[in-house]
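Got a structure here, written out as structure tokens. Questions coming.
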Amino acid sequence: MPDYLPAAFFELSPAEWTAILLSLRIAIVATLVSLPFGIVTAYALARCQFPGKTLVNGVVHLPLVLPPVVTGFVLLMLLGRKGVFGPSLAEIGIVFSFRWTGAAVACAVMGFPLMVRAMRLSFEAIDRRLDMASQTLGANRIWTFLLVNLPLAAPGIIVGAILAFAKALGEFGATITFVSNIPGETQTISAAIYSYTQVPGGDESAMRLTIVAVIIAFSALTASEIIQWRAHKRLGRAE
Amino acid sequence: MIEVDVRLRLGSFSLEVAFANGAGVTALFGQSGSGKSLTLGIVAGLMKPDAGYVRLDGEALVDVARNVFVPVSRRRVGLVFQDSNLFPHLSVKQNLLYGRWFAPRGERRIDFDAVVETLGIGQLISRSPTRLSGGERQRVAIGRALLSCPRLLLLDEPLAALDMQRKLEILPLIERVRDEFDVPIVYVSHAVEEVARLASRVVVIDGGQVKFVGDPADAFNRLANSPAMSRFDRSSVLTASVDDASAKYGLTKLRHPSGIIWIEGSPGQAGGAARVIVKATDVVLSLLPPQEISARSVLWGRVANIQFEGPIATIEIELKEDGPLLATITRGALEDLSLKEGSHVYALFKTAALDERSIGVANA
């Protein structure tokens with residue numbers, strides 16, 4: 001090991017640990033909470049015809065194309081302390097502004113289009129005749145969804161969840177706009193790296209967090225590759 | 001019993017069919033694009049008709065006038081598709097039991113072991129459907145539909161995607177299903193041999209219209225000169241009695257009022273009736289009693305009708321106590337033999353040309 005990189009370089013400071021664990025918590029909560037909505041939206045977009053489908057599709061994909069700061073600002077206007085829904089939510093005890101829950105909301109919104117896209121593709125790839133077969137065998141649409149569509153789309157659903165998780169870990173613009181950058185509450189890995197680069201002598205911490213971010217992101221991508229590969233193998237590709 | 005009387009317009013195609021089934025197998029016969037699969041889709045509930053009704057055992061499944069539409073999942077109508085559409089994420093056993101789980105408890109009258117035994121799929125039970133051959137998949141698909149204990153079984157060209165060997169393997173299984181389980185079957189096909197062998201009733205559909213409903217022999221004899229049949233499909237259905245089922249080499253002699261027919265295999269007890277489907281293109285005509293010739297099935301009859309189609313002539317030969325036999329020959333041969341309506345001829349065909357699909361036990 002070169003002497004300009006002492007062993008201590010790899011030891012994470014308590015502040016850095018806080019940012020990492022907070023990031024993981026926010027990303028996990030954001031992914032799990034948006035998962036059911038993502039599945040239902042993806043299935044509806046893939047298989048159902050309903051009025052306003054194009055509009056729903058557009059709204060879902062908006063965070064993908066809008067500048068993240070804009071998304072964060074919209075969230076602030078809707079759910080912030082003085083936002084449209086903020087005060088009434090506060091009355092029933094739900095407060096998002098400057099809380100980690102608000103960061104989770106921002107991450108969920110930003111990850112949602114990625115999640116829905118992956119899931120929608122895997123629902124669309126299921127042969128519709130399997131739905132028909134299931135229904136002629138007596139399963140109604142809900143049972144058919146649970147017993148045929150959901151298991152067959154499972155690889156895509158997991159991949160979608162992983163993509164959303166990875167996006168949540170890296171989310172910066174919307175989060176910092178909506179819930180600011182408060183250490184221990186809303187300061188995720190990305191926000192922490194940004195803060196460290198703004199102070200003298202913070203480069204080392206920024207570097208360590210960068211390595212952690214790369215490791216997490218790479219693990220998530222590898223996991224998604226493995227899941228897809230195994231699903232292909234299990235289903236033998238051709239029916 | 002199923003009663004269908006529906007109309008549906010899809011773009012420029014208009015479907016207008018009415019028929020009812022009887023016991024056993026009712027075949028919907030027609031060329032591709034004639035609307036027979038569409039009709040099946042309406043019966044199963046995958047399509048909504050514009051007008052009309054479908055009734056099953058007196059209960060309306062669809063009745064446009066009364067605004068009745070029973071969803072697919074509540075019709076209890078089993079459907080087997082051309083490609084088996086097994087669930088790839090479930091094992092063969094789970095596939096077989098899928099529909100059973102949804103059948104009302106009191107109506108699970110079809111026994112799992114009996115179906116597995118009849119279809120010969122016992123050794124496949126624990127496998128994944130992705131590891132099965134086409135023929136095996138189709139057998140499992142038939143079992144899966146049967147085990148949902150349907151009130152009616154619809155088979156939509158179940159053999160069309162299979163090669164000849166597999167067809168010959170599965171056809172007798174469908175016969176066994178017909179005979180062993182008390183489920184009425186509607187069988188969609190454009191293969192004359194399959195329909196003639198399985199069906200007790202044929203509904204001929206052409207261009208979205210029902211052209212004929214009745215006995216298979218009548219249906220094919222009547223269809224003989226219709227443009228709906230290519231000359232390679234033209235066939236005659238003959239009924240003959242088994243003379244000696246224990247003949248040499250596994251050949252069986254059948255006695256027909258107009259002559260002798262030799263077939264391969266044994267279609268049942270001596271004295272029983274057998275159905276033989278003879279393609280018009282397999283028939284040779286002779287003015288003299290045939291001698292020193294390998295074709296040994298010979299029927300004697302009178303030329304009743306001659307139809308021309310370019311250089312080809314289709315000749316209808318009247319037989320005793322049976323429908324006519326069709327023969328297609330060239331106009332040159334017709335002229336050389338100077339055949340006219342009223343001439344008597346010997347009609348010969350090769351036993352080797354009759355595949356297993358063309359021989360069945362007549363259940364009438």
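Per chain, numbering begins at 1; letters A, B, ... match sequence-line order. The basis for the numbers below is simple: all heavy atoms, side chains too, and nothing from hydrogens, waters or symmetry mates.
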Crowding at CZ, B:Arg127 (>12 non-hydrogen neighbours, <6.0 Å): yes
Taking all non-hydrogen atoms of both residues into account, name the closest pair between A:Leu152 and B:Pro88 and its distance. CD2-CG, 3.8 Å
Can you name the closest pair of heavy atoms from A:Met132 and B:Phe81 and give their distance? CB-CZ, 4.1 Å
Over 12 foreign heavy atoms within 6.0 Å of CZ, A:Arg117: no
Who wins among A:Thr136, A:Asp127, A:Thr144, A:Asn140 for the most heavy-atom pairs under 4.5 Å with chain B? A:Thr136
Could you pull out the closest heavy-atom pair between A:Trp143 and B:Tyr98, with the gap in Å? O-OH, 4.4 Å
Count the heavy atoms of every other residue, nucleotide or ligand shown that sit under 6.0 Å from CZ of A:Phe37, and state whether that count exceeds 12. no
Per side-chain contact (heavy atoms from CB on, under 4.5 Å), A:Gln135 is matched among B:Val72, B:Leu79, B:Leu46 by B:Val72
What do you reckon, is CZ of B:Arg109 surrounded by more than 12 foreign heavy atoms closer than 6.0 Å? yes
Is A:Leu147 close to B:Phe87 at the side-chain level, that is, under 4.5 Å between some pair of heavy atoms? no
Counting only heavy atoms not in B:Phe13 (residues, nucleotides, ligands), do more than 12 fall under 6.0 Å from its CZ? yes
Engaged part of B:Arg100 at the chain A interface, taking heavy atoms whose separation is under 4.5 Å: neither
Which answer fits B:Ser73, side chain, backbone, both or neither, if we ask what part of it has an atom under 4.5 Å from a heavy atom of chain A? both
Answer yes or no: are there more than 12 heavy-atom neighbours, outside B:Arg176 itself, under 6.0 Å from its atom CZ? yes
